Amino acid sequence: MEATKKAQSIRIDTANDILTFIQILENDLDAIASAKNICDILEDKHKIPIYGMTPANNNYWGYETHIRLPISKIDGLKPISTQPAVLEFSIKLIADSNKFNDQYCDPFIYLEFNILTIGYCSSKEMIHSLHLDRHPDNSHSNDPHPKYHFQFGGRKLEEKITEYGQGMFFDTPRMMHHPMDFILGMDFILSNYYSDIWNNLHNSNHEYNSLIGKYQDIVMKPYFNSMANHWNIRTPFEHRDWNTQDICPQVVTRP
Amino acid sequence: MKNKLTKDFKLLVPDEPKNISNFLVLSDESTLSKFKYPGHNLDESNIQLVKQQITKDLKQLLEKEPENISKIFELSNQLSKFDKNIRFSVDAGIINRLGKELVGKRETAVAELVKNSYDADATIVNLYFINTLETCGILKVDDNGIGMTSEDLVNGFMRLSSSGKIHNPVSTKYSREKAGRKGIGRFSAQRLGTYLTIVTQTEEDDFAIKIEINWDDFVSDIDLSMIGHQIEKIDKEKKHGTTLYIKNLRENWTDAIIKRVYRFVSESDLLQPFPLSKEMSSDSIDPGFKVYCFREDDEFEQEEVANDNLVLFQHSLAEIDAYVNDDGYACYSLTSDKLNFKESDIVLKEKKYSNLENVNLKAYYYIYNSGYIPKMSEKIILDTANEFGGIRLYRNGFRVLPYAGRGDDWLGLDASTARRSILPTHRNINYFGFIEIFDENGKYFEEQSNREGLIENNSFIELQDFAYKVLTSLAIKIGHIRGTKVKTNQEEWENKKPQTRLGDILKKLEIIEKQNNAISFNSDNKQTTHDNIEDIKNEITKIIIDQEKEEKNLIDELNMLRVLAGLGLVIGEFVHEIKFFQSSFHADIDSLIDVLKDKELELAKSLKNNFLYLDTYRAYFDSAVSKNVERDLKAIELRDVVRVFIKAINQDYKKNEITLEKPIFNGYDIYTCEMHESEWASILFNLYSNSKKAIKKIGAKGKILISAGIDKNIVYLEFSDNGNGIDMKNREKIFNAFFTTNEPSGNSASEHEEISGTGLGLKITKDIVASYNGKIYVKNPVIGYSTTIRIELPKATEKEISNVE
Amino acid sequence: MSNNYIFIDDQSDISSITRRLSEFGNVNITPVPIKTFNDMITYISTNITDIDGVILDLRLDEVPIAGTQSIAQYKAPAIAQELRTLSAESDPNKRHLKDLPIVLCSTDENIKAIYKDENASHNLFDIRFLKKDTDNFELISKQLLCLIEGYKVITDNQDNMSSILSIEESYLDKNLISKFKDQNRILTHNIAQIILKDLIFSTGLLIDKNMLIAKLGIDLSVSEDADALISNVFHRAKYQGVFSNGWDRWWLPKIIEIFKQITDVSLVQVDAKIRVEKLVENTPYKKLQVAAPIENNLSNRFWTYCQGYKAETGEIRPLDPLEGFKIVKGREHLSWHEYEYISFDALRNRLGRTKGIKLHSSEEERYRLKKEAIEGVENGGN
């Protein structure tokens, strides 16, 4: 099967942007180069991502990657003696080319996004894990699941931690957060963990800002459009394809 | 006849009640394809009783109602079942089954009916399709054949598997070889419609007879012979001939299907594509056979859908009639409605045919894929031409084979076209035609003993030569009118190439050899041999002289080309060399401009401008020359060459106060077929010079527009100017060598003016375009301009484009 | 200071050229007739004290050497290579020549085509010019002069990058710094080439006026105040390092910095409409207009200009790189460089095609898809 024309167009465009993005960062963070595999996936029009049990759909496109970035300084790190070593970022996303880059649609149909930080404290591996997930459509659960939610911990953490020290662990609340693709995800990571690089790029690199802006328009804007709609703030669209309660289960429907 | 049969019955029944076989002989002689056991399962005594009763009934019937033949027939048929001899009987349902099985397609069915007309010596068959756009219409098949007597009808048409064709393999009047398949005609009628009426009359009878058949009567479980039909005498409708009315047609017939019918009929080789010429229409000679198809509908009066004229001849480009006149010269008349050209009684004097007499040739000429034939018909005609094209030979009214049979090239037309000594196409498929010769006493021609053609004697060779010359004259003449290059060696087109001439000599030598080997070596043959040898000697001498002349011509041409090529190289070199001085000129002029003032400064500036003008030209030609060295052809995007060109002439058009409008490009990737890039320098430059001259003549501000684009499978470039325009009558001529609309240059004209006035530029342009199968012509000028020259070239293929992308 | 160049050419009469180039008072150029290779090297080393730079015609093997029937058996790169080698000689026992500017000159329009074939010679010449480009001889003579001056500055400040470039190191790309510092032995001509080829001739850290206009998003043809804006507001960003007299360049990081200071918004974060609005608002230069996107483009987040239009018509049409398509670059792409782009419209209309502009092969697929999409709309629209 071959990706549809529209999907091909999005794939090539995205691949091109991600390559540009990586090239900008390579200068300061050469480990990011391994994310170029995204471009290979996107440029091969036969690589159709499969979403769950559904049949292959050539409107779908997506990518996944896993990068390991060196990290030497984390603000407010406890235990103090911990030596930060690696930040692992993995992302897997699937989108429907008919809904992607659409002002009022959820940009993705699948997202898995993990930031795992590893350090060493008296030769013991220390782990911190954050993940941003997209709650699957049509799945039922008693807990409120905002469509996109950040959560501390998650599977990755449970797999690795054997001792708990004085820390206490439980299912932290799912905090609503806007969706992020690779580019926005990297921007998120840079802004939080590599602020020197981020500041420099942010202030002096047009291409960087231009790319972030472009993907904020595509990935972030529909999310907030939906929110704005809920409070009847005039938005440039009439549809409510993306239900606000999906995004934030706590909001109350009012007539 | 009916009376006689009844009488015989009367005689038979009382006297020989047991002679049942004879009853049936009288009633049905058919060869039966299906037999039935006697139907009655009774014991012997009962059988006798029933038999006697039937015999009795029959006797009474014959006495009381001798006219009730159907009843008599039925009784005698019943009686026959008690016969000890068993016999075949036929179920009436067979008609329907045979109809279906023997006649497949409806067009075959019509073709069979047409063949029956042919076999009846008809010369014209009209097929009328009446209200046939829906089913249940009527087909009328109307011929002027000899017609049928009622006897013919009963023993022929009404009798299955009659032996008429076996008895009479050729037709009575014109001795046509019968074409119809045995007895298929009636089934064809049955295949087409449910109801058939036949009206037929012969020349001798003063009445017509009519019979009506309802095919729906032929249902199973009735004995075939039991179904009777009325024969009526009616008034004659015409002198002779048969008309079939097939009613309640099973299918509808659109124009397309009717045309297919026509094609089917013509492919069955009945139609001589034209009537033979008038002089020979004596009674016994077959005047040919024609089919016309009409459609009649309630709304329409009558519309001719297909006949050979409509399908074939109306699309011919030209028509030629030729004969050998009393002086022995070929003489022809040529008409072309499409090219609006007519020429009568042209005598070709260069060769005398002493061994030909009473020879006539008629041919229609076709050129394919040139827009002369509507696309709809072109395929049909081309298919027909592939099968039946060429020049047939009729001797004393009989077709002589294998001439113009499939794959036969007896006039050497295909071979000659392949040799390209004459450029306009003249293959067999370009002609439908025939030659007729009258030579009743065999004075000139002799058939080969195996009947496979004529003996190749001098008359035959002359005949071939005559036909070849006439047909190629036709092609060349049409070629001239169409404006294509006519012959490789234009001055002496009538002289064949040496190879051909030597080939002719070889043939003559072979004849001499044959005659020498022949047993009867009489004085006549001796004389022929002598004549032939004389001919050969003369011809060889001529060839030698011609070859010398030819060689001189070639050497002259070659020298001219060498001079031009050498000059080209020198110019190329010059253009390349002067660039070394160019920078020095400019450096010096710039220095002057810096130090000079006032009038001198102006002079220096003007000097600078003039040098810039020189520079752009030089650079353009330098790159054209250096690109010319590249042998590779490549797809050319017109944007690229046009932009480079405009830049090159930038100084020139400004100096001439010509506005060069921004070029218009319609579409993207306007790639021509693979060409030399430098050829575009020539093309554009020649068009530009031409426009400049035209603009000079109006003495006003000039403007030029170049536009280019894609149109289906071609790319085009249009070059328009607001000059003095081109006369309608010169539209074709401007591309000819040395044609010029310029005034003849007087003594005072400079050499440059003389060269530029020769009109070679557009000719060269045309040659380039033509060499890529392109077209160049003067089209109606685009709005705001007075002349537009359009060039069309094949579009590059995807592959050619990807080679340069 | 005499600032003497010798001009080596096999064409006998180049005095018009050398005289013209000398006329502007910048440099003094002496024609030197062609000699055999050894004679030529000997001639140069003997007279080295009087020679500050060498100009070589590309083809030296077309016209016989004076007084002989034979032509020279070498071309310009051979001489250049030998001169470079001699200047790199560190063995005190061997012949050593001072490092000096070497310039390539050619008669041929397609100097690039010929030059490309000789890959090795890529780094031999400092600059090259066309003999027929007489209209620009004044500027060329200025550049020739500043090459001589630049070589001297570099030689005197071999280790001091910021004084050679006249900028604080913090503005520079770390890879660029590494190019200067992380080599065992860097020669004057190596530094000169880095500055010329990787900074001055490449858009990135340094940008020329066209690129500055494009990045500001100004339509030059209707903005009377553009020149004044550049020379008065952004003069602090002007490149002042070696060779700066020959080429007008601006430091991009400084442009961004100045823009932020005067408008309080980030040049790299806002679109061109806001950029121009802010400039009008915060400077005395009101006659500035934002450039319109090229046909078929939508974005006005300009950061480059379309190379197709530049090459074909000379127009500077600003372009958002994300909407443009990369073209093949003549030079090596380094981390502080920007790519060169062509707009979809120019690409489809083949602007600059005959001037050697070629779509980068990595962009072919993207271009094809965009073309199909646009043509789908164009054809579907009727």
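Basis for what follows: all heavy atoms, side chains included, without hydrogens, waters or symmetry-related copies. Within every chain, numbering begins at 1; the chains are lettered A, B, ... in the order of the sequence lines, protein sequences first and strands thereafter. Fair warning: this is a prediction, and the values are worked out from it, not measured in the lab.
Proximity to chain B (any heavy atom under 4.5 Å) is shown, for Arg348(C), by both the backbone and the side chain. Of the two parts of Asp615(B), neither the backbone nor the side chain holds a non-hydrogen atom closer than 4.5 Å to a non-hydrogen atom of chain C. Interface remark: Leu351(C) contributes backbone and side-chain atoms alike to the contact with chain B (heavy atom separation under 4.5 Å). Residue contact with chain B, scored on non-hydrogen atoms closer than 4.5 Å, is absent for Asp133(C). Looking at Glu364(C), there are no atoms closer than 4.5 Å to chain B (heavy atoms on both sides), in backbone or side chain.
Sorted by first then second residue, the salt bridge (Lys or Arg N to Asp or Glu O under 4.0 Å) pairs that include residues 637-653 of chain B, not counting sequence neighbours, are Glu637(B)-Arg639(B), Glu637(B)-Arg350(C), Asp640(B)-Arg350(C), Asp652(B)-Lys692(B).
Aromatic ring centres of Phe24(C) and Phe137(C): separated by at least 6.0 Å. Ring centroids of Tyr339(C) and His333(C) are separated by less than 6.0 Å, placing the two rings close together.
Scanning residues 601-608 of chain B against chain C with a 4.5 Å heavy-atom cutoff picks out Lys608(B), ordered by number.
With sequence neighbours excluded, the residues satisfying side-chain contact (heavy atoms from CB on, under 4.5 Å) with Glu657(B) are Lys701(B). Judged as a side-chain contact (heavy atoms from CB on, under 4.5 Å), and not counting sequence neighbours, the contacts of Ser591(B) are Arg19(C), Arg20(C), Glu23(C).
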Going through the checks in order, is the side-chain hydrogen bond (donor to acceptor under 3.5 Å, both in side chains) test met by Asp345(C) and Ser343(C)? CA-CA 5 Å; Asp345(C) 186 62; Ser343(C) 63; 5.3 Å; no

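A donor and an acceptor atom, one from each side chain of Tyr772(B) and Glu679(B), are located under 3.5 Å apart.
Enclosure of atom CZ in Phe574(B) is not indicated, since only 12 or fewer non-hydrogen atoms of other residues, nucleotides or ligands lie within 6.0 angstrom.
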